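We number each residue from 1, following the sequence as shown. Note that ligands are numbered from 1 as they come in the structure, with each ligand's atoms numbered from 1 the same way. Worth saying up front: this structure is predicted, and the values here are computed from it rather than measured.
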Amino acid sequence: MDRPSIIHKDLAKQRQTPNWTAFEDERRRFSWQFAHLATQRLPGGGINMGIEAVDRHAAGVLRYHVALRFLSRTLPAIEISFAELARLTNRFANVLQGLGVGKGDHLFLLAGRIPELYVALLGALKNGTVVTPLFSAFGPEPIATRIQLGAGQVLLTTDHLYQRKVCQIRAQMPTLRHVLLVAEDGGVTHETDTLDLATLMRDASDCFEVSETSEDDPALLFFTSGTTGTPKGALHVHGAAVAHEATGRYALDLHAQDRYWCTADPGWVTGATYGIIAPLLHGVTTLVDREEFDAERWYTLLEQEQITVWYTAPTAIRMLMKAGPELARSHCYPALRFIASVGEPLNPEAVWWGQEVLGLPIHDNWWQTETGGIMIANTPAFDIKPGSMGRPLPGIDAFIVKHMEAEGEPPRVRIIEAPNVEGELALKSGWPSMFRGYLNNEARYAKCFAGDLYLTGDLARVDADGYFWFIGRADDVIKSAGHLIGPFEVESVLMEHPAVAEAGVIGKPDPMVGEVVKAFVSLKAGYEAGEALRLEISAHARKRLGAAVAPKEIAFLAVLPRTRSGKIMRRLLKARELGLPEGDTSTLESGA
Ligand code: ATP
Ligand code: MG
């Protein structure tokens, strides 16, 4: 279907006056120094993410406002107010202190989306303890590797996960001094060499003297998704809260009265940063659904929980699209006013699906584990060009650069001023949530910088209006007969075909042209894989992209391999196609 290339914002039709409406003015006015004023600060001038997110509101008008609301199929809803969260997190901080775990020590969290995980993360921050949430679906090896890398002293998990995954690898983690267990049946645990969290929490005091943390003190260690290789541990500091607050305001348009749902698991940087910290900083009620993806359930939650702001990922949107528009239309969403997405490029098809089926366009935004917060976004303050990841937020300067260094030299780049030239996306260093290092990998960290520019490893272009367009990861770009082909462009066109639910595109080595484009597609319900359909999709791609860029080969897969954070793993499609070793698959979603 031919659609306009722009979705205009009509302020009069917005359900809530946005936090900002004038893009240029706000960017001009903004400074990080000024943004710091939105945070409370500790008496000595320091900043603590836990205090900012919880105690600030617990001491103010939002004291009895619901901070977190947990839902599951089988248990009654659990609601925790800011006052209660302050009390519980104090208790957990006291538990850590009682165990001799202090500032700079390292806590790992391995659990589903249970209240204890949220309390522990925030309580540890108050104690100055560095926190890493892990995906609860990780197997023993990825758990051990990450705890070894982070030299974790404490692990919080559940009795079931401990028995299934941790018990047998305990000896591989000599730094681990304490394992705290949550009894899944709500009782008390008696595993040897572990401590029962409920008992410790019951005996701990409600009062806690917060640890003096400065803006440069480490707070969180997140592992990257492992889309392009072995996941890297990126270290973040307490001062990042300033960026979480600002980006929550500009990119997610959070207001204290919102009912907000971030569908990402806290095991991924998005789930911890925008599923816990940023909404709490804004005093927002955050929904936590403990269940896995289910289209019918998600629509019901959006409707019945009266979600106002929804932050999700392209993979989830594609799964909802796959379930068909009728299901979406059997519910209504009068409260919903803003939808955002992150993690992968959002195909224009998906932006329009939001507009047509849910009544709201989806706002794509871009960031990385390393940037610690949203950098480039579609926001309420300007029109959307579907397919573009938006414009840099206030306080963020983004550029397209070309590399100048010779092989083996440290990076040296030139900024490309002209619009629509493809190159690497780079950001001017200095925003507060920028990572401060890769764990045990100084050399890799150093390679990310050219002077004061942080090099993202993603290729993009910027148009004359300052909108950024994602081309692909530097590793994924296909070189065919002198053309540089971004997989995203090809995948987006494939997704326009009514039968295609998802597409992943790779370059397959070819003696004549270097690489040929090969596409893997999964189909929507009601479509049968077969030669006729293959030819039809191929013809559509050729018509839209031309013969040089359209896939030469198309294969059907029931599901594409993706990371637990929902990203298509093109490197795995390629390794499987070429019969090469699959490399690190610790983050691969099971069943793919
Ligand atoms: P690894 O670094 O281990 O290979 P990863 O890069 O996927 O994994 P994350 O930090 O979770 O780990 O993801 C950041 C990357 O995701 C970005 O560098 C970019 O490639 C991609 N990404 C995120 N948001 C978007 C977006 N809106 N559009 C396009 N790509 C995006
Ligand atoms: Mg990365």
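Residues passing the side chain to side chain donor-acceptor pair (under 3.5 Å) test with N19, sequence neighbours excluded: D253, H255. Partners of E245 according to the side chain to side chain donor-acceptor pair (under 3.5 Å) rule, which considers only residues two or more places apart in sequence or in another chain, are R249.
Heavy-atom separations between W268 and ligand 1 include at least one value shorter than 4.0 Å. Judged by the shortest distance from any of its heavy atoms, W367 lies inside the 4.0 Å radius around the atoms of ligand 1. A heavy-atom separation below 4.0 Å is found between D364 and ligand 1.
Between S341 and ligand 1, no N or O atom pair is found at a separation short of 3.5 Å. At a 3.5 angstrom cut-off on N or O pairs, V269 does not count as close to ligand 1. Of the polar atoms of N365, at least one N or O is found under 3.5 Å from an N or O of ligand 1, judged by distance alone. Between G226 and ligand 1, at least one pair of N/O atoms sits closer than 3.5 Å.
The ligand atoms of ligand 1 that sit less than 4.0 angstrom from a heavy atom of T227 are 1 (P), 3 (O), 4 (O), 5 (P), 7 (O), 8 (O). Near T369, meaning under 4.0 Å from any of its heavy atoms, are these atoms of ligand 1: 9 (P), 10 (O), 11 (O). For ligand 1 and V342, the ligand atoms under 4.0 Å from any heavy atom of the residue are 24 (N).
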